[in-house]
Each structure stands twice: as C-alpha cells, then as structure tokens.
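The shown structure was predicted, so the numbers you read here are calculated from the model rather than taken from an experiment. To find a chain, count down the sequence lines: A is the first, B the second, and so on, and within it residues start at 1.
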Amino acid sequence: MRKPFSILLNSKEPINEQMLLDYLDGKLTSNENRLVEEWLNNSPLASEAIEGLMQIREKTKLTTAVKEINHSLQKQLRKKHKRNRLLHNKMVYWIVIGIIVVLLICIATFFVVNILHRK
Amino acid sequence: MAKKKEHINTDEELLALFYSSEDTYWIGVLLQRYTLLLLGVCLKYLKDMEDAKDAVQQIDIKIITELYKHKVQNFKAWLFIVARNYCLMECRKNRGKRKIEITENLIVTESDVDDKGEQWLMDVTQEMLEESIMELNEAQRKCVDLFYLQQKSYKDIMALTGFDFKEVKTHIQNGKRNLKTFVIQKVKQYSNSKKNNLNA
C-alpha cells in the first residue's frame, strides 16, 4: 500500500505526446498507465483533452491532424516574423532619414549663421 | 542566437526567451507541445475533427497575439482557460446544433491550476487525512482509495465499480480536490488551537 500523503501531492512528471497516444492505444505497461493517469488527475487541460481524444478511434487521424496544425502554425509564425522584420526595417529606415534631416538642418543653420556673421 | 537549445524544457524558460528576444520561434516550440492537448479539448466540446482543427488554429493565433500584449506567468493554466473559453463561445454560437456538456470539471479553481505553496502539507497528520477521506462521498472515497491507496489503474477501477472512464476520472479529481480542502481546513483548525494554547 502506498503512503496516503501522496494523494495530496501533485505529480510533476511531464507526459509527452507519444506516451499519451500510446495510452489511448492501450500500449503502455501498468506503471506507465499510472504515470499518465496521475498526470490526468493533476492537469485540468489534460483531463479535458483525454475525453476529446478518446472520441477518435483511429489514432493516426490524431497524429495527422497534429502535424497539419503544427505546419500551419509554423507558416503563421513565419509570416508574423517577416512582418515584424519589415516593421523593424521600416523603423530603422525612418530613424536614418530623421538623422539625415537633422544633420542637414544643422549644416544649413551653420552656413546661414556664417553668412549672416560675415555681412 | 542558438535556437536549437535541447536543454530548454520548461514553459517558463521558453516564455522568458520569447519575451527577451521577441522571436516567434520560441512561441512555436511552446505551442507545439500543446497541440495534441488543445486538439483534445476542442474535440471534447466541438465533437468534430475539422471544427476542432480550425479551433486549435484560431486559438494559436489568439495566443500569439495575446502573448505580445500580456506577460503570462502560468502558461499551461492560461492556455487551458483561453482554449476552453474559445470552445464554449463556439458552442454558444452553434447553440441548437450542439449540446454543451456541462460537468463539474468546467469549474476550474485557482488551486487546480496553481499548485504552489504546499507548506501546509508539513502539518498534515495521518489522522487528519484518514478523517478527511471518510468525509468524501461514497463514489469519491471508493475511487480515491482504489487509485491512490490500492494503486489500481482506471481500467481496474472501472471493472471494480462499474463506473465508466469519465466517471472514474471525475470522482478521483473531485475527490482529491475535496480531500485537499478538508485537510487544509483541519490544518487551519489545528494551527489555531495550537496558537490559542500558546497564548493561554
């Protein structure tokens, strides 16, 4: 029998995707099953997810769906990255323009003051 | 920046890297860890694979946008709340087409998602725990006892009690949550009486 205090502790054992899929397929040993089940008891996200995942009989459908979602996520992130870089480049461009304008104003002021001084 | 850091394994580390570099690569790594779970949550509420896939993609977009705006501390808990709210909203939109299943699990308390500060455990006695187990309702007591004390799997518990998977899971989770509440109450009472004795 296990020490009763363990009920009050939360298992921090992370469960990876493959282990969860194997659990759904009934491929795990009883010790591994317990690890997954303890994790389910402690994680509201996993606990709700397992109910949804159990609705799908063909587990290959799940792996395919995950691959598709991850692929589209990568695309989305690449787009966002490009947009950020463009925004950054635009900002750098306007900063350089600003500096040039300020320099030109300084030079022009210098010449105007010089000419006025000579007169 | 060396992006293929294999030793980075916590969500907090990935979030810190994202906030310091604003590089979306790190959000990608983080979100991909949760794709299967998000898909599961969406399947639970939306009941359809295509709808669930679309929902996960929408949730991903929402997360990416929100991460730029807010500094998130507990990513997993926050992700769960965002995902569930999104699914409930989708269900509400399609009210009539789908029946929303409201279970006790829909109520997520802070203690479910944040398990810091277990200092109170130091004062828990065997007696308190045994008393608290007895205060649980019969189904919860049976499932908690079989799972935690007798080390049975969900499958064994299903066979022994006649409950289905979802019922076993719910009884264990709710039993554990109630048990924690009862034990914390007892620890508080115990420490109060200890203080009173010292004052007297």
Would you sort out whether B:Y45 and A:E51 count as a side chain to side chain contact (heavy atoms under 4.5 Å, CB included), showing the intermediate values?
-> CA-CA 10 Å; B:Y45 290 101; A:E51 287 178 35; over 6 Å; no
For chain A, which of B:L37, B:T24, B:L36 has the most heavy-atom pairs under 4.5 Å?
-> B:L36
Over 12 foreign heavy atoms within 6.0 Å of NE2, B:H70 = yes
Go through B:K53 and A:E68 one step at a time and tell me if the salt bridge (charged side-chain N to carboxylate O under 4.0 Å, His left out) criterion holds.
-> CA-CA 9 Å; B:K53 268 160 61 179; A:E68 279 174 28; 2.6 Å; yes
Does any heavy atom of chain A fall under 4.5 Å from the side chain of B:I172, the backbone, both, or neither of them?
-> side chain
Taking atom NE2 of A:H71 and atom CD of B:Q57, what is their separation to the nearest 0.5 Å?
-> 10.5 Å
Side-chain donor or acceptor of B:Q173 paired with backbone N/O of A:L40 under 3.5 Å = yes
Side chain from CB out, backbone as N, CA, C, O: work out which of these in A:E17 comes under 4.5 Å of a heavy atom of chain B, or both, or neither.
-> both
Treat each ILVMFWY residue as a node, draw an edge where side-chain heavy atoms are under 4.5 Å apart, and state whether A:L103 and A:I95 are in one component.
-> yes
Measure A:S30 against the heavy atoms of chain B and call it side chain, backbone, both or neither at under 4.5 Å.
-> neither
Between A:N42 and B:K176: side-chain donor-acceptor atoms closer than 3.5 Å = yes
Side-chain heavy atoms under 4.5 angstrom apart, residues restricted to Ile, Leu, Val, Met, Phe, Trp, Tyr: same cluster for B:Y68 and A:L87?
-> no
From CD1 (A:I69) to CG (B:L38), nearest 0.5 Å | 8.0 Å
Verify whether one side chain among B:Y148 and A:E38 offers a donor that lies under 3.5 Å from an acceptor in the other.
-> no
Here the pair of heavy atoms bringing B:K44 nearest to A:E48 is NZ-OE2, 3.4 Å
Distance col, row A:L45:CG vs B:F75:CZ, nearest 0.5 angstrom, shows 10.0 Å
So if you build clusters from Ile, Leu, Val, Met, Phe, Trp, Tyr with side-chain heavy-atom gaps below 4.5 Å, do A:V112 and A:L104 land together?
-> no
Any chance you could measure A:N41, atom CG, to B:H171, atom NE2, to the nearest 0.5 Å?
-> 13.0 Å
Do other residues, nucleotides or ligands put more than 12 heavy atoms under 6.0 Å from the NZ atom of A:K82?
-> no
Does A:W94 share a hydrophobic cluster with A:V101, counting links as ILVMFWY side-chain heavy atoms below 4.5 Å and allowing steps through other members?
-> yes
Look at the side chain of B:K169 and the backbone N and O of A:S47, then say whether any donor-acceptor pair between them is shorter than 3.5 Å.
-> yes
Is B:I61 linked to B:M89 within one hydrophobic cluster, defined over Ile, Leu, Val, Met, Phe, Trp and Tyr using a side-chain heavy-atom separation of less than 4.5 Å?
-> no
What heavy-atom pair brings B:Y154 and A:E37 nearest, and what distance separates the two atoms?
-> N-OE1, 3.1 Å
Strictly by modelled atom types, are A:N33 and B:S153 linked by a side-chain donor-acceptor pair under 3.5 Å?
-> no
At what distance, to the nearest 0.5 angstrom, does CG of A:N70 lie from CG of B:L31?
-> 9.0 Å
With a 4.5 angstrom heavy-atom cut-off, could you sort out which part of B:I64 is near chain A: side chain, backbone, both or neither?
-> side chain
Between chain A and each of B:I27, B:L43, B:D60, count heavy-atom pairs under 4.5 Å; write down the option with the most.
-> B:L43
Would you give the length of the straight line joining atom CG of B:L39 to atom CG of A:L62, rounded to the nearest 0.5 angstrom?
-> 6.0 Å
Can any side-chain N or O of A:R34 pair as donor or acceptor with the backbone N or O of B:K152 at less than 3.5 Å?
-> yes
